[in-house]
Amino acid sequence: MTASPFLRPPWDNLNRQHQAVSLGMWIFLVSEILLFAGLFAGYGVYRHLYPASFAKASAQTDIVFGTVNTAILMTSSLSIALAGGLARARLPRLAWYCLLATLVLGAAFLVVKGFEYREDIDKHLFPGPQFALGGTGPALFFSFYWIMTGVHAAHVSGGLAAIARLLIASRNEPAWLSGGGSEEATALYWHLVDVIWIVLYPLLYLNGRTHG
């Protein structure tokens, strides 16, 4: 029996390799969740200490950019889920285009975030000597804002690299979308990126707008 081109040492069959990929990916995702959990915990502590200041600072974030990016990531989550379903249904061409749509949407997220960052800098919403908002609370809020969104953007960039690799590999060999577990691992990572943003969105953009 000919070995699958997607089989890698030390595995002797694709089923075990797939299980190992899934386990390894879940371990990695848990480590990433712990990283963001630490940031969320720190944010929660300081928000409790400076509730009014955090609400005031949150109101200065751009709700339009934040909402547009939320819609973009939610759509990308749908497109990568469709890619997996289509690959399993043996419709590799459609799956490839859904994966391409995910790549385009992820890149659009970073472009929108870049415009938002430029606006934030123009408004002096970066903690430092020229910070536009006075006080410790607003400075802490925007410190968390820049750290959390920056780390998240780095994760988006990593996800785009993984998607691009899968697109290139599957262009001439469609079985890459259903063999060896690469597509599933990439999709799991991308869904984590989306879930993290779902948490960041209310923390950073809605906090100062929910109290009228």
Inter-residue atom distance [X].[atom1] - [Y].[atom2], 0.5 Å rounding:
X: Thr67; Y: Asp62; atom1: OG1; atom2: CG; result: 8.5 Å
X: Ile33; Y: Phe28; atom1: CD1; atom2: CZ; result: 10.5 Å
X: Asp194; Y: His155; atom1: CG; atom2: NE2; result: 13.0 Å
X: His191; Y: Thr186; atom1: NE2; atom2: OG1; result: 10.5 Å
X: Lys113; Y: Tyr117; atom1: NZ; atom2: OH; result: 5.0 Å
X: Ile196; Y: Glu32; atom1: CD1; atom2: CD; result: 8.5 Å

(message) Using the rule given for side-chain contact (heavy atoms from CB on, under 4.5 Å), can you reason through Arg93 versus Leu86, listing the C-alpha separation, both sets of side-chain angles and the distance that settles it, and then say yes or no?
(response) CA-CA 9 Å; Arg93 188 173 182 81; Leu86 289 167; over 6 Å; no
Does the side chain of [X] reach to within under 4.5 Å of the side chain of [Y], using non-hydrogen atoms?
X: Glu184; Y: Arg88; result: no
X: Arg47; Y: Leu203; result: yes
X: Phe40; Y: Leu200; result: yes
X: Leu49; Y: Phe54; result: no

Assigning hydrophobic clusters by single linkage (Ile, Leu, Val, Met, Phe, Trp, Tyr; side-chain heavy-atom cutoff under 4.5 Å), is [X] placed with [Y]?
X: Val156; Y: Leu39; answer: yes
X: Leu78; Y: Trp96; answer: no
X: Ile80; Y: Leu94; answer: no
X: Leu35; Y: Val195; answer: no
X: Phe141; Y: Val45; answer: yes

Please answer whether the main-chain N or O of [Y] pairs with a side-chain N or O of [X] as donor and acceptor at a distance below 3.5 Å.
X: Tyr145; Y: Ser58; answer: no
X: Thr61; Y: Ala57; answer: no
X: Ser76; Y: Leu73; answer: yes

(request) Verify the neighbour count for atom OH of Tyr201: are there more than 12 heavy atoms of other residues, nucleotides or ligands below 6.0 Å? (result) yes
(message) Apply side-chain contact (heavy atoms from CB on, under 4.5 Å) to residues Phe109 and Val68 and explain how you reach the verdict.
(response) CA-CA 8 Å; Phe109 175 91; Val68 168; over 6 Å; no
Result block: side-chain N/O donor-acceptor pairs under 3.5 angstrom for residues 158-167, not counting sequence neighbours:
none

(message) For Phe144 and Tyr46, take the angle between the two ring planes, folded into 0 to 90°, and tell me which bin it lands in: parallel under 30, tilted 30 to 60, perpendicular over 60.
(response)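 If you compare the ring of Phe144 with that of Tyr46, the planes turn out tilted.
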N/O donor-acceptor pairs under 3.5 Å from side chains in residues 121-139, not counting sequence neighbours:
from, atom 1, to, atom 2, distance (Å)
Lys123, NZ, Gln60, O, 3.4

(request) Applying side-chain contact (heavy atoms from CB on, under 4.5 Å), run through Tyr43 and Leu204 and close with a yes or a no. (result) CA-CA 10 Å; Tyr43 175 96; Leu204 301 177; 4.1 Å; yes
